[in-house]
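These notes are about the structure you will find just below.
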Amino acid sequence: MAILGLGYAGFGSDALDDWRQFGTGLVGLQAIECGNSLLAFRMDDRKQRIVIDRAQGEGTRFFGWEVADAAALDALAARLERAGVPVTAEPQALADARRVRGLISFQDPAGNRLEAFHGPEIDDTPFRPGRSISGFRTGALGLGHAVLTVANIAPVMSFYVDVLGFGLSDYIEKPFRAYFFHVNARHHSLALIETGSNGMHHLMVELFSLDDVGQAYDIAMQEDRVNVTLGRHTNDLMTSFYAKSPSAFMVECGWGGREIDPANWTPFEMHDGPSLWGHERVWLSAEDRAIAREMRMRAASEGKRAPVQVLEGNFKLMSGTCPWWDGVKAES
C-alpha cells in the first residue's frame with residue numbers, strides 16, 4: 001500500500017489563543033509558536049502534527065498522507081494523473097512549512113485538500129505534553145484518524161479505495177451511514193459519514209492511558225466541551241469521548257484502539273450501531289439518538305463485550321477478521 005498513514009492535519013482558524021488552550025490544556029498536545037498567524041502542535045518526536053492557520057479561512061482544512069520516499073511520491077502522483085486527478089507538485093517553501101522533504105497536493109471528490117509527502121522532520125528535543133499525560137499512540141499508525149462528512153459516500157469511497165488504495169474495514173447503515181478505511185494496522189485512519197453535506201466531523205488522537213482520557217473528560221466537562229459522552233466503539237473498540245474544538249468540528253480523545261492485519265482483513269457490516277455503550281451524540285436528531293440508544297440497550301441485554309486477551313501481563317485487544325462479538329481469536 002503506497003500510503004503509510006495520516007501524517008498531519010491542518011485547519012484554518014483565527015482563534016489561535018483558544019486553540020492553544022484547548023490543544024495543550026485539554027488534549028495534552030505541545031504547542032509550537034510559529035509567528036502571529038500560525039500555531040503548530042507536536043504529539044511525538046515529529047516537529048509538527050497539527051497546524052492551525054489564521055491566514056486560512058474557518059472551515060479550510062488539509063490532510064497530509066505519508067508515503068515511504070520520493071519514488072513512492074512520484075508513483076502516487078502518476079497514479080493520480082492516470083485517474084484524471086489534477087496533481088500539484090508543491091514548492092520547497094511549502095514543504096519546509098509542513099516540515100517535510102517533499103509533497104504534492106490534490107483534492108478528493110468532496111473538495112477536501114489532500115497532500116501526500118515523504119521525509120517528515122524529526123525534532124531533536126523530546127516531546128513535552130501540554131499537561132501531564134503518558135503520551136500519544138502514533139508511530140507506524142500515524143497521527144490518528146480523520147472523519148469527514150460527505151453528501152454522497154459512493155464517489156468519495158471509490159476515490160479513496162480505487163485510486164489511493166485504502167482498504168475498507170467495516171461500515172454501518174444505522175443510525176447513520178458511515179464507512180471506515182485503513183491504510184495500516186490502525187483499524188481506520190479515515191471514515192466517511194453520509195450527512196448530505198461535505199465537511200469535517202472529527203479528528204481522533206489516541207492516548208496511551210485510559211486515565212489520560214478520563215482526566216481530559218473531566219476537563220471537557222468543566223469547560224462544557226463534551227459533544228459525545230464517554231463510551232466504547234463497536235468496530236475499533238476505542239474508549240473515548242468527543243470534545244468541541246474551537247472550530248466547527250470535534251476532537252476525539254481515545255484509548256485502547258484495536259490493530260488489524262490489513263493483508264488478512266475481511267470487511268463487514270456492523271449491525272449493532274457505532275457504540276457498545278455510552279457515546280451519547282448530542283449532534284444527532286432526537287429520532288436517531290433514540291435508535292442509537294436502542295442499539296446500545298440491545299447490545300447490553302445480549303451481553304456483548306469487546307474481546308480481550310492477556311498477553312505478558314497486559315490486556316491486548318483482538319484484531320480478528322469477524323465482528324468483535326464473535327469471540328476471542330488466539331494469537332501466536
Side-chain angles (χ1 to χ4, degrees), residues 8-34 36-44 48-54 56-61 127-138 143-149 191 193 199-233 238-257 274-275 277-286 289 292-293:
Y8 58 79
F11 307 96
S13 174
D14 60 4
L16 295 192
D17 290 340
D18 290 344
W19 263 105
R20 184 182 293 103
Q21 178 57 38
F22 174 80
T24 60
L26 191 154
V27 182
L29 303 167
Q30 177 184 352
I32 305 297
E33 301 298 334
C34 300
N36 294 328
S37 65
L38 202 67
L39 175 65
F41 291 106
R42 287 182 62 191
M43 58 192 304
D44 54 14
Q48 66 185 29
R49 285 286 197 176
I50 300 172
V51 176
I52 309 299
D53 190 349
R54 176 178 281 154
Q56 299 191 36
E58 186 70 41
T60 303
R61 55 192 173 274
F127 166 63
R128 297 175 62 89
R131 65 178 180 89
S132 182
I133 61 170
S134 55
F136 295 94
R137 190 177 180 212
T138 56
L143 182 163
H145 71 234
V147 177
L148 306 173
T149 64
I193 302 178
M200 177 73 189
H201 189 269
H202 75 264
L203 183 73
M204 188 283 296
V205 297
E206 184 177 2
L207 295 107
F208 280 130
S209 168
L210 179 59
D211 291 333
D212 292 339
V213 174
Q215 289 163 357
Y217 190 64
D218 281 346
I219 295 169
M221 290 283 287
Q222 186 176 20
E223 297 180 357
D224 192 27
R225 286 194 177 275
V226 175
N227 221 20
V228 178
T229 61
L230 190 68
R232 192 172 198 182
H233 285 301
M238 192 81 70
T239 300
S240 65
F241 75 95
Y242 296 62
K244 292 178 283 189
S245 79
S247 295
F249 64 89
M250 298 176 288
V251 172
E252 179 184 8
C253 296
W255 167 86
S275 300
W277 55 266
H279 282 158
E280 187 74 13
R281 294 164 172 83
V282 302
W283 51 271
L284 279 179
S285 68
R289 287 177 73 178
R293 194 177 299 115

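Every heavy atom of this structure was used, including side-chain atoms; hydrogens, water molecules and symmetry mates were not. For reference, positions follow the sequence shown, starting with 1.
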Correct closest heavy-atom pair for Gln48 and Ala40 would be OE1-CB, 3.6 Å
Paired with Cys253, the side chain to side chain contact (heavy atoms under 4.5 Å, CB included) test is passed by just one of Asp212, Ile133, Leu207, namely Leu207
Here the gap from Met204 atom CE to Met238 atom CE, rounded to the nearest 0.5 Å, amounts to 3.5 Å
Check: Given side chains that start at C-beta, do those of Phe249 and Arg61 come closer than 4.5 Å, heavy atoms only?
Finding: no
Interatomic distance, CD1@Ile50 vs CZ@Arg42, rounded to 0.5 Å, equals 13.0 Å
(Q) Given 3.5 Å as the limit, does a donor-acceptor pair link the side chain of His279 with the main chain of Tyr242, or not? (A) no
Here the gap from Met250 atom CE to Asn227 atom CG, rounded to the nearest 0.5 Å, amounts to 5.5 Å
Shortest non-hydrogen pair, Ala9 vs Leu143, comes out as N-CD1, 3.9 Å
Nearest heavy-atom approach of Ala248 to Glu58 is N-OE2, 3.7 Å
Exercise. Is there a side-chain contact between Val251 and Val27 (heavy atoms, below 4.5 Å)?
Worked result: yes
message = Just by distance, no angles: are the side chains of Ser275 and Arg281 close enough, under 3.5 Å, to form a donor-acceptor pair?
response = yes
* **Contact check, side chains of Trp19 and Ser247, non-hydrogen atoms, under 4.5 Å** => yes
- Query: Quick one: does Met200's side chain get under 4.5 Å of Leu148's, heavy atoms only?
  - Reply: yes
Closest non-hydrogen contact found for Glu223 with Leu26 is OE1-CD1, 4.0 Å
Of Val205, Thr138, Leu29, the one forming a side chain to side chain contact (heavy atoms under 4.5 Å, CB included) with Arg49 is Thr138
Q) Do the non-hydrogen side-chain atoms of Arg137 and Trp255 ever get within less than 4.5 Å of each other? A) no
Worksheet item: Do any N or O atoms from the side chain of Lys244 and from the backbone of Ala220 form a donor-acceptor pair under 3.5 angstrom?
Response: no
Please say whether more than 12 non-hydrogen atoms of neighbouring residues, nucleotides or ligands are located less than 6.0 Å from CG in Asn36.
no
Tell me if a side-chain donor or acceptor on Thr149 pairs with a main-chain N or O of Gly199 at a distance below 3.5 Å. yes
Heavy atoms of Ser37 and Asp53 approach each other most closely as O-OD1, 3.4 Å
*asked:* Quick one, Asp44 and Phe136 - any side-chain contact, counting heavy atoms below 4.5 Å?
replied: no
Q. Are any non-hydrogen side-chain atoms of Val226 and Val282 less than 4.5 angstrom apart?
A. no
Worksheet item: If you measure only the distance, is there a donor-acceptor pair under 3.5 Å linking the side chains of Ser245 and His202?
Response: no
- Is a donor on one side and an acceptor on the other found under 3.5 Å between the side chain of Thr229 and the backbone of Glu280? yes
request  = Determine whether Phe41 and Ile52 make a side-chain contact, defined as any pair of heavy atoms from C-beta on separated by less than 4.5 Å.
outcome  = yes
d(Leu230 CG, Asp218 CG) to nearest 0.5 Å is 10.0 Å
Between the side chain of Glu206 and the main-chain N/O of Gly257, is any donor-acceptor distance below 3.5 Å? yes
When every non-hydrogen atom of Ile219 is compared with those of Arg131, the smallest separation belongs to CD1-CD, 3.9 Å
